[in-house]
Asker: 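Here's a structure for you.
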Amino acid sequence: MSFDQSKWVWRNGSIVPWEDATTHVSAHALHYGSGVFEGMRCYETADGPAIFRLEEHLDRLYQSATVHGMDIPYTCEELTEAICELIDRHDFKSCYVRPLCYYGTSSLSLHPARCPLEVVILVWPWAPYLGAEGLEHGVRVTVSPWKKFHSEMMPTTAKASGQYINSVLAVREAVSRGFDEALLLDVEGNVAEGSGENLFVVKDNQVFTNDERHSILLGITRDAVIQIARDLGYEINIGPISLTDLLKSDEAFFTGTAAEVTPIREVDGTLINNGERGPVTKEIQSAFFAATSGRHQRYRDWLTYVVPQTVAGIH
Ligand SMILES: Cc1ncc(COP(=O)(O)O)c(C=O)c1O
């Protein structure tokens, strides 16, 4: 990925040139990871660019901020307007959107009391996170020696900057051994999630995923896929997933805003569905992309158009 096409950043209420959106080296967040953020995707549709599940992402941003004692000085409507304006200004047909609220410069005491809360939004085009090839043929995954932190150590359902060092360690280690992605177990030894994705497995035509009791971020894509799979007639089972469940599954896939719906074709040398994307994964993936591109009428409410639709009945 690159920021080559990003020309502006929304910062604390106004749009500024990309190169001016700098922060001082004494910023609290740079030292301690004291920020909360979101990641969402804006997709190309026949009615112009539309952000997938914007409301849910902003809800989670405010929830993450609350958990970390931050008071975001902008309303949800203001951030929605800012995001749409920034995408429109870039004229992007599709892109990734990254709002970030972080403590800036004032003091490096651990308690950020006097530090100003900075709010920024970045947008850039971002190809499929685990590769277009990965979307079609699946990715190779390894179980990480790093465990996913438990919710008693840090709030797992919030999306805070500092906690991502756990994911960074895991993905670096996985890639250094030639894998595409890491799979983290929870402290009890069950499967938690990927470094930036939730996990689903398919067995005997039933779909399984875990929940926050297994130290996962409650993904918005996960939620969309649960709804899509139910609508397609699959039974969804939510509960612990052991490594054996995964290794013996008929199919497995990751979900996430960045990774979308990516099949898993191998876990540490064990092939899943003979190393190919499985039929259930393919069906769910097709419905997901129909939803993100506005081709699936049932899920039109999940889209926020960057330029509001005026034709009656679109919203
Ligand atoms: C650790 C982790 N788990 C799961 C997800 C998937 O969440 P979502 O579908 O909301 O992007 C993400 C991505 O944000 C993540 O970083």
Side-chain angles (χ1 to χ4, degrees), residues 1 33 35-43 51-65 67 83 95-101 122 126 128-130 134-135 139 141 143-144 146-151 153-174 180-187 190-201 209-229 238 241 252-262 264 284-285 287-289 291-292 299 302-304:
M1 65 145 280
V36 296
F37 68 97
E38 264 309 315
M40 37 192 133
R41 274 191 192 269
C42 171
Y43 285 91
I51 303 150
F52 187 65
R53 309 206 72 180
L54 173 72
E55 232 173 89
E56 289 83 354
H57 281 285
L58 287 181
D59 276 355
R60 191 170 65 187
L61 181 70
Y62 284 97
Q63 280 169 29
S64 300
V67 169
I83 289 167
C95 61
Y96 188 84
V97 183
R98 166 61 54 83
L100 166 71
C101 308
L122 315 180
W126 204 0
Y129 184 66
L130 294 171
L135 275 183
V139 290
V141 168
V143 174
S144 179
W146 296 104
K147 293 273 162 57
K148 178 72 200 266
F149 56 86
H150 188 265
S151 57
M153 304 169 188
M154 247 187 273
T156 42
T157 55
K159 211 167 157 59
S161 306
Q163 73 195 45
Y164 272 83
I165 209 70
N166 182 227
S167 290
V168 171
L169 280 167
V171 76
R172 287 187 73 139
E173 197 281 330
D180 300 312
E181 180 55 299
L183 188 69
L184 288 85
L185 304 183
D186 66 18
V187 290
N190 286 312
V191 175
E193 59 182 350
S195 71
E197 307 86 10
N198 294 123
L199 177 83
F200 284 74
V201 301
T209 195
N210 52 10
D211 65 13
E212 69 277 14
R213 285 167 296 183
H214 307 97
S215 302
I216 66 163
L217 180 74
L218 282 172
I220 290 161
T221 320
R222 167 188 177 277
D223 178 75
V225 161
I226 288 172
Q227 289 193 50
I228 287 170
I238 296 180
I241 298 174
F253 58 91
F254 278 137
T255 64
T257 297
E260 301 169 304
V261 177
T262 297
I264 294 173
I284 291 173
Q285 201 185 38
F288 173 77
F289 285 121
T292 59
Y299 308 116
W302 285 349
L303 297 176
T304 300

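Counting starts at 1 for both ligands and their atoms, following the listed order.
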Asker: According to side-chain hydrogen bond (donor to acceptor under 3.5 Å, both in side chains), who are the partners of Arg213, at least two apart in sequence or on a separate chain?
Answerer: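 With sequence neighbours excluded, Arg213 shows a side-chain hydrogen bond (donor to acceptor under 3.5 Å, both in side chains) to Asp211, given in chain and number order.
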Asker: Side-chain polar contacts of residues 190-197 - donor-acceptor pairs under 3.5 angstrom, sequence neighbours left out - could you list them?
Answerer:
unit_1, atom_1, unit_2, atom_2, d
Glu193, OE1, Asn198, ND2, 3.2
Glu193, OE1, Leu217, N, 3.3
Glu193, OE2, Lys148, NZ, 2.3
Ser195, OG, Glu181, OE1, 2.8
Ser195, OG, Glu181, OE2, 2.9

Asker: Are Tyr299 and Phe288, when compared by the centres of their aromatic rings, separated by less than 6.0 Å?
Answerer: no
Asker: Going by the rule side-chain hydrogen bond (donor to acceptor under 3.5 Å, both in side chains), which residues pair with Glu38 if we only count those two or more places apart in sequence or in a different chain?
Answerer: His57, Arg60
Asker: Can you tell if the side chain of Tyr96 reaches within under 4.5 Å of the side chain of Thr257, non-hydrogen atoms only?
Answerer: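 Touching, per the 4.5 Å side-chain cut-off.
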Asker: Any non-hydrogen side-chain atom of Ile83 less than 4.5 Å from a side-chain atom of Met40?
Answerer: yes
Asker: Between ligand 1 and the protein, tabulate every N or O atom pair separated by less than 3.5 Å, reporting distance only.
Answerer:
unit_1, atom_1, unit_2, atom_2, d
ligand 1, 3 (N), Glu193, OE1, 2.7
ligand 1, 9 (O), Ile220, N, 3.2
ligand 1, 9 (O), Thr221, N, 2.9
ligand 1, 9 (O), Thr221, OG1, 2.6
ligand 1, 10 (O), Arg60, NH1, 2.8
ligand 1, 10 (O), Arg60, NH2, 2.9
ligand 1, 10 (O), Ile220, N, 2.7
ligand 1, 11 (O), Thr257, N, 2.9
ligand 1, 11 (O), Thr257, OG1, 2.6
ligand 1, 14 (O), Lys159, NZ, 2.6
ligand 1, 16 (O), Lys159, NZ, 3.4
ligand 1, 16 (O), Tyr164, OH, 2.5

